[in-house]
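Below is one structure, written out as structure tokens; comments come after it.
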Amino acid sequence: MQTYIKDLSQHVEQTVVLNGWVSNKRTSGKVAFLVLRDGSGFAQCVVDLATAGEENLERAKRLTLESAIKIHGKVLRDEKQEGGFEIQVTDLHIYSIAEEYPLGKKEHGVDFLMNNRHLWLRTKRQWAIMKVRNSALFAIHRFFQSRGFMQMDSPILTGNACEGTTTLFDTIFYKDDLPAYLSQSGQLYAEATAMAMGKVYTFGPTFRAERSLTPRHLSEFWMIEPEMAFYDLEMNMNLIEEFVRTVVTDVYTECKDELVNILERKTALFDNIHQPFPRIEYDRAVRIIRGEEEVDGKNAIKELEADLEGVRQVIADKQQSLADYEQKLQTPNLKKGEVNYFQSKIDGLKNDLKKLEDDARNIPQWLESARNFPPGEDFGAPDEKALTRLFDLPVFVYKWPSPIKAFYMKRYEDDDNYVKGVDLLAPEGFGEIVGGSQREDDIEKLIERIKEHELPMEAFEWYLDLRRYGSVPHAGFGLGFERLVMWLTGVSHIRETIPFPRYFGRLFP
RNA sequence: GCCUCCUUAGCUCAGUCGGUUAGAGCGACGGACUGUUAAUCCGCAGGUCCUAGGUUCGAGUCCUAGAGGGGGCGCCA
């Protein structure tokens, strides 16, 4: 009966059948080591002449990387192995011998890997990221479903470029030149369904046509947008906090091995997540970014300056060891192994230096941005970095200046200059993962805002109906799913968090 | 859209001041090895130096334009 690698612990000392692909192979005379992957995990399978016999060993030696096989074998406990088990093969069947596999065991460049995304997904690291993605997806549904929320899909095709802020992909709705757009947000529709169902969330694809070519942007991504009737800003923040804490905790529980051992994610986040998230007003956040106020004795500007100094020191150190290795390479009568060793050290150092020199060029710009941050403006990426690196927990920033926030956000009753918006910024310099607000529920004020933002009133008639017929205080938030996965896994680029990313310049495969 | 770095073998990269026949590692292929973890060792094959112009006795190397890519910023989630 077929077993999966993730279940090997239940079959110790038993004979099992595994189907899978050869992700690595080493042969050594009378023994072959096959690393088998079956989608559920990776396991080393030993084909040994004494146990498996000559025919099976010959078959094992013929295998190429990514050939598909079926094996019969005994499950042995082996602490040296990742996962803790290995298979002593007794029989080996070949489904297919793979042609020469394009992905080698050494490092590849990003462009090559993206062109081979359909194969790249088979590697251990990408497999781990996808497992975390799936775990997060299920944790999100579980969180909302267990709290009485209903999942309500919002339309993907919409008739208006509504909020007016972003560039949308456009298309034609049937033949009569009726313009249609791919949705940039489900929020307005979520507000409508919340008035029907009480507490709802959307979880669907979102499209943005800005030519943003950064590690944080995709043209097509998935977004979670809960919307709750009878919720104010405070309740919204409480929900966001409980939501983020639960998802982080659930994912860590389910994917600890992938996060810690394969992705080498720092665990500080998972250790701290149970503490209350700091909540700071925008005005205070600005003072912190500008270095005018400290957090637990830490100053944003001074931290950045120390970073820059640190990077410069590391560059100096690496340049010194580079010179040392180049010196050693000149030693007469070196063995081939020694030459290779020194050469690989030199290549590695040169690579490190390239990245560090990028940092040394960029940090002064970030410093400039933080130091001169103009109060009243929205935070840029460097400003969020300067702020969040002072915290080891996600931090709420609320009470934002009205002019920089969306038209539908409710203003403070006692101060028209601020709205009841809130962003949740992830720590360790990551930046925004959640943006939300209490919504404007007064129809007169909402009409005023729509006029101020010069939006087409007729397109919002249905939205205004929500205020005409039983308007209630309500609130909601949006979470970019891939950004969440990026933060959870600690990968440095969003393109690795979705199976087939779509971004400016990338439509294939 | 702006700033910056890059493009040399299937892959990752060296290539000094412009100089004669362009190199290494990995991968592939042939071989050695009973415990390997990106195994190791020996041998062998592999090139439109991104494209188009230009400077020069001579261009992988210098100049101009174009294409593609990385990093940072903006727009944003």
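Note that this is a predicted model, so its numbers are computed, not measured.
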Give [X] one of three labels, base, sugar-phosphate or nothing, depending on what nucleic acid heavy atoms sit under 4.0 Å from its own.
| X | answer |
| --- | --- |
| A:Pro215 | sugar-phosphate |
| A:Ser369 | nothing |
| A:Arg495 | sugar-phosphate |
| A:Ala381 | sugar-phosphate |
| A:Glu482 | nothing |
| A:Thr27 | base |
| A:Asp78 | base |
| A:Phe112 | sugar-phosphate |
| A:Leu103 | nothing |
| A:Glu86 | base |

For [N], the Watson-Crick or wobble counterpart (both distances under 3.5 Å):
| N | result |
| --- | --- |
| B:A67 | B:U7 |
| B:C62 | B:G54 |
| B:G18 | none |
| B:G35 | none |
| B:G1 | B:C73 |
| B:G46 | none |

How many Å lie between [atom1] on [X] and [atom2] on [N], as a whole number?
| X | N | atom1 | atom2 | answer |
| --- | --- | --- | --- | --- |
| A:Phe42 | B:A38 | CZ | C1' | 14 Å |
| A:Phe221 | B:C76 | CZ | P | 12 Å |
| A:Phe508 | B:G68 | CZ | P | 14 Å |
| A:Gln88 | B:G35 | CD | C1' | 11 Å |
| A:Trp400 | B:C76 | CH2 | C1' | 13 Å |
| A:Leu213 | B:C76 | CG | P | 17 Å |
| A:His108 | B:G70 | NE2 | C1' | 17 Å |

Looking at A:Glu428 and A:Arg265, is there a salt bridge between them, counting it only when a charged N and a carboxylate O are closer than 4.0 Å? yes
Sidechain N-carboxylate O distance under 4.0 Å for A:Arg245, A:Glu241: yes
Can you figure out which of B:U34, B:G1, B:C73 approaches the side chain of A:Val31 most closely? B:U34
Counting side-chain heavy atoms from CB outward, which of B:A28, B:C75, B:U34 is closest to A:Lys30? B:U34
Does A:Lys124 make a cation-pi contact with A:Phe42, if we ask for NZ or CZ under 6.0 Å from the ring centre and within 45° of the axis? yes
Cation-pi check, A:Lys399 to A:Tyr418: give yes when NZ or CZ is under 6.0 Å from the six-membered ring centre and within 45° of the ring axis, no otherwise. yes
Note: for A:Gly435 and A:Tyr101 on RNA chain B, the residue whose nearest nucleotide lies more 5' is A:Tyr101
Under 4.0 Å between a side-chain N/O of [X] and OP1 or OP2 of [N], yes or no?
| X | N | answer |
| --- | --- | --- |
| A:Trp366 | B:G72 | no |
| A:Asn24 | B:A39 | yes |
| A:Arg26 | B:U36 | no |
| A:Lys385 | B:C73 | yes |

Under 3.5 Å, is there an N or O donor on one side and an acceptor on the other linking the side chain of A:Ser212 and the base of B:C76? no
Is there a donor-acceptor contact under 3.5 Å linking the side chains of [X] and [Y]?
| X | Y | answer |
| --- | --- | --- |
| A:Gln187 | A:Glu227 | no |
| A:Arg506 | A:Asn115 | yes |
| A:Asn236 | A:Ser437 | no |

